[in-house]
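Here's the structure, in structure tokens; my notes come after.
In what follows, chains carry the letters A, B, and so on, assigned in the order in which the sequence lines appear, proteins first and then strands, with residues in each chain numbered from 1.
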Amino acid sequence: MLRTYLGRGVAAGLLAGLIAGVFAYFFGEPHVGRALALEGGGAFNEVVSRPVQKLGLIVAVTLYGTSVGAIFGLVFAAGRDRMAASDDWGRSLRLSAALFAGLFFLPFLKYPADPPGAGDPSNIGVRTVAYLVTVAVCVSAVFVAWSVGRVLREQGTGRAARQAVVGAGFVAVLAGFFLAMPPATNPGNFPGDVLWDFRISTLATQALLWATLGAAFGLLCERANGRKASF
Amino acid sequence: MHRALGRPNLWLLPVVALIFLALFAALFDNGALLAPLLGEAAGKTNYLHEFFHDGRHLLGVPGH
């Protein structure tokens, strides 16, 4: 079954990456272009032309989608029997929501995406490490919270008490962690409209990718399970 | 993971390595992967960084 779920994850991730990549091409790329125009093009390395970089955007998002889809399939195989959802559709959507939160959305709250020119080239190494540590801690926090919730459920703790306690603990731990980490780059006087149009487009790209991945994987499982998936 | 695996699945090791290699190439490489092919020029030309440049920004990875 591990191989089967891995294959479904790769297929769903490939589809999700392609769709999110095309979305980013139309709705994110224009803001990258505005940011590059602000930079004046002077600092730009011209080994790859702009049209090829725009193609590279779709390739990058597709490669990312396929890779996280493979991880999704492996995690689904490992955790399927422990999830409370009653069917694979529900399990798949929950897992994609958890991975979206842990791998992207929570780190984004601490270190929001920066368009070209808004970051500081002098400390890129430190910021990359801080970002990876944040991703690791956030994704761990999500799965620890999920596991604690499951243990409490199996012990018979009521739903409201369980979710309130786990939720409060989760928020407290992440708040402490975010406070301890170095602050995000100050964008200085980078134009706020370009900055936020860009950030919203990164959020939309990632949300679309994870929603498509969860839905496609869930549909593949439901079809294989011989049940008619409810649309 | 062990419950789902049952017996050791050694084929998983190269698969997981490939997944992380793909993520590294798409999101973080700055010349290291092409250095065996291009030598010193790999860092300067930085092909993967430039090709995946817009995708890295739009996926939320830190950059310049």
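Contact count against chain A (heavy-atom pairs under 4.5 Å) is highest for B/Phe51 among B/Phe28, B/Phe51, B/Tyr47. Comparing A/Gly56, A/Gly21, A/Ala113 by heavy-atom pairs within less than 4.5 Å of chain B, the highest count is held by A/Gly56. The residue among A/Thr202, A/Leu203, A/Val52 with the most heavy atom pairs within less than 4.5 Å of chain B is A/Thr202.
Residue A/Ile71 touches chain B through both its backbone and its side chain, counting heavy-atom pairs closer than 4.5 Å. Contact of A/Ile58 with chain B is not made at all, since no heavy-atom distance falls under 4.5 Å. Only the backbone of A/Pro115 has a heavy atom closer than 4.5 Å to any heavy atom of chain B. With a 4.5 angstrom heavy-atom cutoff, A/Ala35 does not touch chain B via any of its atoms. Contact of A/Phe108 with chain B is not made at all, since no heavy-atom distance falls under 4.5 Å. For A/Arg199, no part sits under 4.5 Å from any heavy atom of chain B, backbone or side chain.
A/Tyr64 places none of its side-chain heavy atoms less than 4.5 Å from the side chain of B/Val61. A 4.5 Å side-chain heavy-atom check between B/Leu58 and A/Val32 finds at least one atom pair inside the cut-off. The closest side-chain heavy-atom distance from B/Asp54 to A/Arg50 is below 4.5 Å.
Atoms CD1 and CG, from A/Ile124 and B/Asn30 in turn, are 7.5 Å apart once rounded to the nearest 0.5 Å. Here the NE2 atom belonging to B/His53 is positioned 11.0 Å from the CG atom belonging to A/Leu57, to the nearest 0.5 angstrom.
For the side chain to side chain contact (heavy atoms under 4.5 Å, CB included) criterion with A/Ser67, the lone passing option out of B/Leu18, B/Leu27, B/Ile19 is B/Ile19.
Nearest heavy atoms, B/His57 versus A/Phe198: O-CZ, 3.2 Å. The two atoms that bring A/Arg127 and B/Pro62 nearest to each other are O-CG, 3.8 Å, heavy atoms only. Here the closest heavy-atom approach between residue A/Leu63 and residue B/Ala26 is recorded as CD2-CB, 3.8 Å. Considering every non-hydrogen atom in both B/Glu50 and A/Gln53, the closest pair reads O-NE2, 2.9 Å.
More than 12 non-hydrogen atoms from other residues, nucleotides or ligands lie less than 6.0 angstrom from CZ of B/Phe24. Summarising the local packing, CD of A/Glu154 is surrounded by more than 12 heavy atoms from other residues, nucleotides or ligands at distances under 6.0 Å.
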